[in-house]
Amino acid sequence: MKPDSTARFFEALAGREHEPLLRKSTGCTRFDVVDGRRIRSWRVSVTKGDLEVKPGGGEADCVIRVDRRVFDRVVTGRMNAVAAVLRGEITVGGDWRLLVAMQRLFTGPTRRSARA
Amino acid sequence: MSDNLVKILDGNTFVVSTESGDIEASLTDPTGLFSFDTRFLSRWVLTVNGERLNALSVDDLQYYEARFFLVPGTGAVYIDAKLSVIRQRSVSSGFHEELSILNHAATPATLEVRIDAGCDFADLFEVKDALRKKGRYATKVERRKLRLGYTRGTFERATTITSTQPARFDEDGLTFRVRIPAHGEWTTGIDVVTELLGAGQAPAEQESPARSRARMKKNLERWVADAPRVECDWDSLEATYRRSLVDLAALRFSPPIAGGRALPAAGLPWFMTMFGRDSIFTSLQALPFTPELAATTLRALGDWQGVRSDDFRDEDPGRILHEMRYGELTAFEERPHSPYYGSVDATPLYVVLLDEYERWSGDRALVRELEVEARAALAWIDEYADLQGTGYIWYQRRNEETGLENQCWKDSWDSISFRDGSLPGFPRATCELQGYAYDAKVRGARLAREIWKDEALAARLEREAADLKRRFNRDFWVDDGEYFALALDPDGRKVDTLASNVGHLLWSGIVDKSKAKALARHLLGPKLFSGWGVRTLAVGEGRYNPIGYHTGTVWPFDNSVVAWGLRRYGFKEEAAEIAAGILEAADFFDGRLPEAFGGYPRAQTKYPVQYPTACSPQAWSTGTPLLLLRTMLGLEPHGDHLVVDPALPTEIGHLELLDIPGRWGRVDAFARGRVETRRGRR
């Protein structure tokens, strides 16, 4: 099966090692990505910005549950993560501060207009 | 909002009802139970034997708690008061109501006690703009509870109503059949709990109402005890100060999305949410009193600093947010507030607050912790805000549909106009923005040199600041009027109206010394000064209107900044004059200054006329008496010491501010009133 945007996002994240935007965050976030009847999980551990990404489940401080089609759009900047949380398309359990930090990693929309 | 509504709140949950405790909201009025920008109860009407109740009195026990004393029968005349009804209501995760009925008769009473309940689940924006709902309602009646629900796709909000005494629940409320013995009493507790649910998400753990009340009470006591004490021989000032402290406590909120930190929400009822500009100004005003507000504001706004370019949200890397919302319209991206970044002053002001906070607190650790954010904010000023490439901050929204046209503090559509009333095109560069940018660079330079140890950055920022000041004093100065233009239009023409914004320029320090005296004369002159305070727009300008939102009303917050600015340039007596006017106005509002009041001349109205839809309490109005105290006392950190250089109006006589917290530990300030204001001379 060819890797989808979600899988590519976690692969790229694993290669990032350190993310300055998360330098004040420490904790483990588990993403439960629902794909039909299957749930694929990734755990992203942050230690003051140092990242470690592991496929699979396990204990976490924050659990983010989301449908794969939704997450594909979020990680490619076609959907805003915060609005999706408010809508209930992304659900969050545990430490919300990690959600606030993780949403900074998602790509933004392609800018439609340059400066006026 | 009409004045006889009863409002209680905690964080961003609040209840607005009539004096009998009833709620009968229409789509367009802001009564009801609100939480996270959603109305969770729009109907809540108590009857006894089919009769409505009449209010005898209301006690605002605490900001989160009220007690309503009622008797059956409406209208001015009631003959038969054999029953008393007491509703005691406190905000928790929703609200808790303790309903008691006292039978004063010598015979038992058999009663049907009924509460009608209903909810429209309106988004606060829908209430403000009278919009219609798109989702579905679902009411579920169970034996011991009523659940009112609303869903739109995965978006789900619900209100659950339960009672400690047995009740019969139906789709429209609950009914008690009660028999109260002679001279007896009957009581029930009713809980109204709000739920924000996503797909498959469990509701957050609820705190019991009793625990929540105890926590809020303790928290408030500690908050007031930690703040400095005011002692003076003007009772109204002591009362205003206490009111401000309590309201500031009430307006603090800690949404999960801000990492659970408490920061000031902007104001009741429309703005119970995180606002960049309002949170920053309120934190600045409160620095000498409750410095921890500044620290939490800086951290929370830093967490949400822009990281991408998003036209819908007017987001850029480094930009500080304007406004966060949690309601349905935001969730479905019909509004951009998730969060919205459309203000251009919050970003430079972020750096200003960080520096001012360190000067007071000596908390260098926070300045180091937020170095990346502060540098990104400074970079935003040059890389993203200079839309015309002329070295000024400009604004023009990229979200043409639901973004804000005016991205300065005067953010209503007609706030920026030429003398003849015509509106300039976009982008616009209002004058106070350039002052904030100047101040951010000067203060950023200090932080860079002393704490980040980056001499190159410090030198560059100082160079840029000096250059900005030179150009600004040339490009914005209106020669024939001797003041700074309100703005530049896209062709670089001066928008030549006289407005209160010139006072902010004094605060920022961008004004050449030689020009300051003319500004002080304008600010205290008859066109701008009403006798209570400085008007947003001067009398005689095309759009001047004494009850125009940003075109003639007096804003207490604006005045506190203007007074601070006058002090900065040595105009102590002028600052005292403004402080006296605003604090006297506060007395007419029982110590709670509204967002704005009318710009009518004081001699004409004798009392300050409240602006019709003004928010109250509103954070930066609440912070105003605090900043005025600082200004009158001339409090200024100097190294590890606090300098006190008072200039008090004679009305105050004598003033002590005790236990002022800061890098010096705690110190006291004393002053005597020596400045004769116009009122004093009258």
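A quick note: this is a predicted structure, and the numbers were derived from the prediction, not measured. In what follows, chains carry the letters A, B, and so on, assigned in the order in which the sequence lines appear, proteins first and then strands, with residues in each chain numbered from 1.
In this structure, B:R157 satisfies the cation-pi test against B:F155, with its NZ or CZ atom closer than 6.0 Å to the six-membered ring centre and inside 45 degrees of the ring normal. In this structure, B:R428 is positioned above the aromatic face of B:F426, its NZ or CZ under 6.0 Å from the six-membered ring centre and within 45° of the axis.
With sequence neighbours left out, B:T159 forms a side-chain hydrogen bond (donor to acceptor under 3.5 Å, both in side chains) with no residue at all. The side-chain hydrogen bond (donor to acceptor under 3.5 Å, both in side chains) check on B:T402 picks up B:N399, with sequence neighbours excluded.
Heavy-atom distances place no part of A:L98 under 4.5 Å from chain B, backbone and side chain included. Of the atoms belonging to B:E369, heavy atoms from both backbone and side chain fall under 4.5 Å from chain A. When heavy atoms are compared at a cutoff of 4.5 Å, B:R152 does not approach chain A at all. Of the atoms belonging to B:V372, heavy atoms from both backbone and side chain fall under 4.5 Å from chain A.
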